[in-house]
A.B. asks: 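Okay, handing you the structure first.
When a ligand or atom number is given, it counts from 1 through the structure's own listing order. Quick note: numbers below take in every heavy atom, side chains included, and nothing from hydrogens, waters or symmetry partners.
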Amino acid sequence: MLRRAMFRCGELCSRVFAVEFDLRAEPLYFTLSSSPQVLHHDYQRLFGECGKLFSLHVQSENRIEKAQTHAEIKHKLSSTISRDCDVFEASSFIPDDENSVVKGFFIRDKSTTTLSEDLLNTLRQNKTVCVFSYKREGQYCWQELWSPVSQVKESVRQYITPATAAEHHPSTLNIRNADVFYSMDEAYKVLQECTDIIPESKEVLKLVDEQLETSSGDGFPVIVIEGLDATGKTTLTEALRESLNATLLKSPPQCLASFRQRFDSEPPLIRRAFYALGNYITAAHIGKESLRAPVIVDRYWHSTAAYAIATAVSGRVENLPRLDSELYQWPGDLLQPNLVLLLTVNPEERLRRLRDRGQDKTVEEAELELNQLFRLKVEEAYKRIQNPACIIVDASPSPQEVLQQVQHLIRNKCHL
Ligand SMILES: Nc1ncnc2c1ncn2[C@@H]1O[C@H](COP(=O)(O)OP(=O)(O)O)[C@@H](O)[C@H]1O
Ligand SMILES: Nc1ccn([C@@H]2O[C@H](COP(=O)(O)OP(=O)(O)O)[C@@H](O)[C@H]2O)c(=O)n1
């Protein structure tokens with residue numbers, strides 16, 4: 001068997017592999033070379049531990065197929081694999097080359113069973129999946145294409161060679177048009193490509209087509225309220241609607257509510273395209289409504305981009321695209337609001353509000369830790385988005401005080 005299309009002969013050696021071994025630290029980066037390399041401490045922790053080591057990578061020319069296969073594997077790995085297995089996110093990429101990332105997983109199996117091998121064997125039947133195994137030899141480790149039946153003839157030993165950290169975390173390389181869309185057309189195309197497998201896509205596209213003609217702009221001020229779940233958006237937007245005699249809209253809009261669950265269960269590519277299109281429908285509503293009254297919007301593009309970026313970027317906050325990255329720019333074809341306010345509360349107060357609402361009662365420690373990282377990344381991404389940037393509002397005081405603070409800001413910035 002030849003190496004799969006994603007790792008063409010020769011190309012493999014120009015690629016860097018990254019394993020998210022410890023979410024609080026840099027990924028472990030390595031390249032491959034034909035001569036043995038002594039692995040130092042950090043690498044020994046990953047490759048030197050007892051157990052069988054594998055990595056698998058998903059690549060396809062068809063991005064819908066690629067996204068779905070990756071999601072299926074992620075699900076299978078979390079539901080099937082035993083407790084004696086560690087699974088880390090892994091990727092392979094060409095430094096600074098956008099869209100070069102081939103995503104996958106690194107598996108360390110310390111069990112005495114063949115569960116992971118059985119699973120890998122099933123997965124590699126899929127032509128989009130490539131599986132490597134890793135073998136140790138003293139202080140060295142090499143990678144080879146894995147096959148359950150003895151040796152693969154064409155397989156060439158490639159030694160693991162420690163590499164320096166990449167300038168841009170690999171998960172930032174594929175964000176454009178996979179997690180965040182910077183024009184309606186790009187998001188539209190994704191749903192067009194999945195009408196066969198997700199019939200609801202056609203209905204969503206129809207709603208988008210119907211709404212677009214009404215978009216205009218230039219009227220009363222448009223004020224967006226953003227923030228994490230339970231920061232008080234619903235409470236504040238309702239109060240503003242009353243006090244300003246404003247129209248209250250949200251993104252995704254009500255007409256997409258019945259499709260949300262369906263798209264929420266899809267991989268990021270499809271899910272994010274759905275939310276992106278929701279913004280364009282809301283924009284059309286804003287255009288119409290702002291001719292009559294001020295408009296308050298509960299979540300809009302900041303939410304779409306910040307959550308998408310925070311989910312796409314694994315590990316720590318430092319892995320986010322840099323402050324000046326174009327990934328934080330507002331899409332050129334999306335109606336801009338006059339003011340965007342980001343509600344923030346400290347994590348303890350937010351948890352208290354979530355609990356009062358009857359959610360998150362039994363959050364496990366590990367999940368809390370992950371949530372903590374995720375929350376930090378969403379908030380940081382919110383703050384980095386530009387044109388328009390958001391103004392931060394401390395939403396810890398009472399609802400009445402938060403309302404007064406916001407009314408004051410609106411008077412100053414929008415002369416309302
Ligand atoms: N300023 C506030 N002080 C205390 N509790 C608040 C405040 N604003 C909202 N809450 C409460 O916190 C919970 C979450 O508020 P909600 O407006 O639903 O947030 P979101 O829409 O951002 O998810 C609700 O139970 C709400 O009553
Ligand atoms: N404009 C929007 C609104 C929500 N979303 C997504 O919807 C999720 C937040 O939804 P939620 O149910 O917590 O929202 P609220 O109930 O807090 O309004 C996030 O995962 C976002 O990815 C989005 O992408 N774009």
A.B. asks: What protein heavy atom sits nearest atom 16 (O) of ligand 2, and how far off is it?
C.D. replies: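 Residue, atom and distance for the closest contact: Asp229 OD1, 4.1 Å.
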
A.B. asks: Just need the protein heavy atom nearest to atom 11 (P) of ligand 2, so name the residue and atom and give the distance.
C.D. replies: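 Answer, as residue, atom name and distance: Arg260 NH2, 3.7 Å.
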
A.B. asks: Would you find a donor on one side and an acceptor on the other, under 3.5 Å apart, between the side chain of Arg384 and the backbone of Pro321?
C.D. replies: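 Side chain of Arg384 to backbone of Pro321, a donor-acceptor pair under 3.5 Å: yes, one is there.
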
A.B. asks: Would you say ligand 1 has an N or O under 3.5 Å from any N or O of Arg352?
C.D. replies: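 In fact, backbone or side chain, Arg352 has no N or O that close.
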
A.B. asks: Any atoms of ligand 2 less than 4.0 Å from a non-hydrogen atom of Lys233? List them with their elements.
C.D. replies: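 Per the distance check, 17 (O).
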
A.B. asks: Do the charged groups of Lys76 and Glu72 touch, with an N to O distance under 4.0 Å?
C.D. replies: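 No, Lys76 and Glu72 are not salt-bridged.
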
A.B. asks: Please check if the distance between the ring centroids of Phe47 and Tyr134 is under 6.0 Å.
C.D. replies: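 Ring centres of Tyr134 and Phe47 closer than 6.0 Å.
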
A.B. asks: Does this structure show an ion pair linking Arg353 with Glu349, if we count only N-O contacts that are shorter than 4.0 Å?
C.D. replies: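 Looking at Arg353 and Glu349, the cut-off is met.
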
A.B. asks: Using heavy-atom distances, let me know which of Glu226, Arg271, Arg299, Arg272 sits nearest atom 18 (O) of ligand 2.
C.D. replies: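 Closest candidate by heavy-atom distance is Arg299.
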
A.B. asks: Among all protein heavy atoms, pick the one closest to atom 21 (O) of ligand 1 and tell me residue, atom and distance.
C.D. replies: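 The closest one turns out to be Thr234 OG1, 2.4 Å.
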
A.B. asks: Examine ligand 1 and decide if any of its atoms is less than 4.0 Å from a heavy atom belonging to Asp229.
C.D. replies: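 Under 4.0 Å: yes for Asp229.
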
A.B. asks: Which ligand 1 atoms are under 4.0 Å away from a heavy-atom of Ser398?
C.D. replies: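 So the answer, numbered in order with elements, is 1 (N).
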
A.B. asks: For ligand 1, find out whether one of its N or O atoms is nearer than 3.5 Å to an N or O atom of Lys233.
C.D. replies: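 There is such a contact, yes.
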
A.B. asks: Tell me which protein heavy atom sits closest to atom 25 (N) of ligand 2, plus the residue, atom name and distance to 0.1 Å.
C.D. replies: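 The closest one turns out to be Thr304 OG1, 2.8 Å.
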
A.B. asks: Minimum distance, heavy atoms only, to atom 10 (N) of ligand 1: which one of Arg299, Arg353, Arg355 is it?
C.D. replies: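 Answer by nearest heavy atom: Arg353.
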
A.B. asks: Quick one: do the Tyr182 and Asp333 side chains pair a donor with an acceptor below 3.5 Å?
C.D. replies: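 Note: Tyr182 and Asp333 side chains miss the donor-acceptor criterion.
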
A.B. asks: Can you sort out which atoms of ligand 2 are near Asn279, meaning under 4.0 Å from one of its heavy atoms?
C.D. replies: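 Near Asn279, meaning under 4.0 Å from one of its heavy atoms, ligand 2 has 1 (N).
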
A.B. asks: Which protein heavy atom lies closest to atom 3 (C) of ligand 2, and at what distance to 0.1 Å?
C.D. replies: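 Closest protein heavy atom to atom 3 (C) of ligand 2: Ser251 O, 3.1 Å.
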
A.B. asks: Tell me, please: is Gly278 in heavy-atom contact with ligand 2, that is, under 4.0 Å?
C.D. replies: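 In this structure, Gly278 fails to qualify as a contact of ligand 2 - no heavy atom is under 4.0 Å.
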
A.B. asks: Has ligand 1 got any nitrogen or oxygen that is less than 3.5 angstrom from a nitrogen or oxygen of Leu236?
C.D. replies: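 No; every N/O pair is 3.5 Å or more apart.
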
A.B. asks: Please report whether the ring centroid of Tyr29 lies less than 6.0 Å from that of Phe21.
C.D. replies: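 When the ring centroids of Phe21 and Tyr29 are compared, they turn out to be at least 6.0 Å apart.
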
A.B. asks: How far is atom 26 (C) of ligand 1 from its nearest protein heavy atom, and which residue and atom is that?
C.D. replies: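 Sorting protein heavy atoms by distance from atom 26 (C) of ligand 1 puts Thr235 OG1, 3.8 Å first.
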
A.B. asks: Can you find an N or O of Ser396 that's nearer than 3.5 Å to an N or O of ligand 1?
C.D. replies: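 Checking ligand 1 against Ser396, no N or O pair falls under 3.5 Å apart.
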
A.B. asks: Can you establish whether the number of heavy atoms outside His40 located under 6.0 Å from its atom NE2 is more than 12?
C.D. replies: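 Count over threshold, so yes.
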
A.B. asks: Considering distance alone, does some N or O of Pro399 sit under 3.5 Å from an N or O of ligand 1?
C.D. replies: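 In this structure, Pro399 places an N or O atom under 3.5 Å from an N or O of ligand 1.
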
A.B. asks: Can a donor-acceptor pair be found, under 3.5 Å and without considering hydrogens, that links the side chain of Trp330 to the backbone of Leu334?
C.D. replies: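 Yes, the answer is positive, given that a donor and an acceptor are paired below the 3.5 Å cut-off.
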
A.B. asks: Any idea which of Gln400, Arg357, Glu226, Glu238 brings a heavy atom closest to atom 14 (C) of ligand 1?
C.D. replies: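 Closest candidate by heavy-atom distance is Arg357.
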
A.B. asks: Minimum distance, heavy atoms only, to atom 24 (O) of ligand 2: which one of Trp301, Tyr307, Phe274, Tyr275 is it?
C.D. replies: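 Shortest heavy-atom distance from atom 24 (O) of ligand 2: Tyr275.
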
A.B. asks: Dump the intermediate steps for ring pair (Phe, Tyr, Trp, His ring centres under 6.0 Å) on His302 and Tyr307, then the final yes or no.
C.D. replies: CA-CA 8 Å; His302 271 73; Tyr307 278 82; over 10 Å; no

A.B. asks: Please determine whether salt bridge (charged side-chain N to carboxylate O under 4.0 Å, His left out) holds for the pair Lys206 and Glu210, giving the CA-CA distance in whole Å, both sets of side-chain angles, and the decisive distance to 0.1 Å.
C.D. replies: CA-CA 6 Å; Lys206 192 159 165 265; Glu210 284 166 7; 3.7 Å; yes

A.B. asks: Any idea which protein heavy atom is nearest atom 1 (N) of ligand 1, and the distance to it?
C.D. replies: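 Ranking protein heavy atoms by distance from atom 1 (N) of ligand 1, first comes Pro397 O, 2.8 Å.
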
A.B. asks: Checking Asp97 side chain against Ser100 main chain: does a donor-acceptor pair fall under 3.5 Å?
C.D. replies: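 It does not hold such a pair.
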
A.B. asks: At what distance is the nearest protein heavy atom to atom 23 (O) of ligand 1, and which residue and atom is it?
C.D. replies: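 For atom 23 (O) of ligand 1, the nearest protein heavy atom is Ala230 N, 2.8 Å.
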
A.B. asks: Does Asn245, at its CG atom, have more than 12 non-hydrogen atoms belonging to other residues, nucleotides or ligands within less than 6.0 Å?
C.D. replies: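 Result for CG/Asn245: open.
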
A.B. asks: Sub-3.5 Å donor-acceptor pair from the side chain of Glu203 to the main-chain atoms of Glu200, do we have one?
C.D. replies: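 Checked: no pair found.
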
A.B. asks: Name the closest protein heavy atom to atom 19 (O) of ligand 1, giving the residue it belongs to and the distance to 0.1 Å.
C.D. replies: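 Checked against all protein heavy atoms, atom 19 (O) of ligand 1 sits closest to Gly232 N, 3.1 Å.
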
A.B. asks: Check this for me: does any side-chain nitrogen of one of Lys74 and Glu89 sit under 4.0 Å from a carboxylate oxygen of the other?
C.D. replies: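 Salt bridge present between Lys74 and Glu89.
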
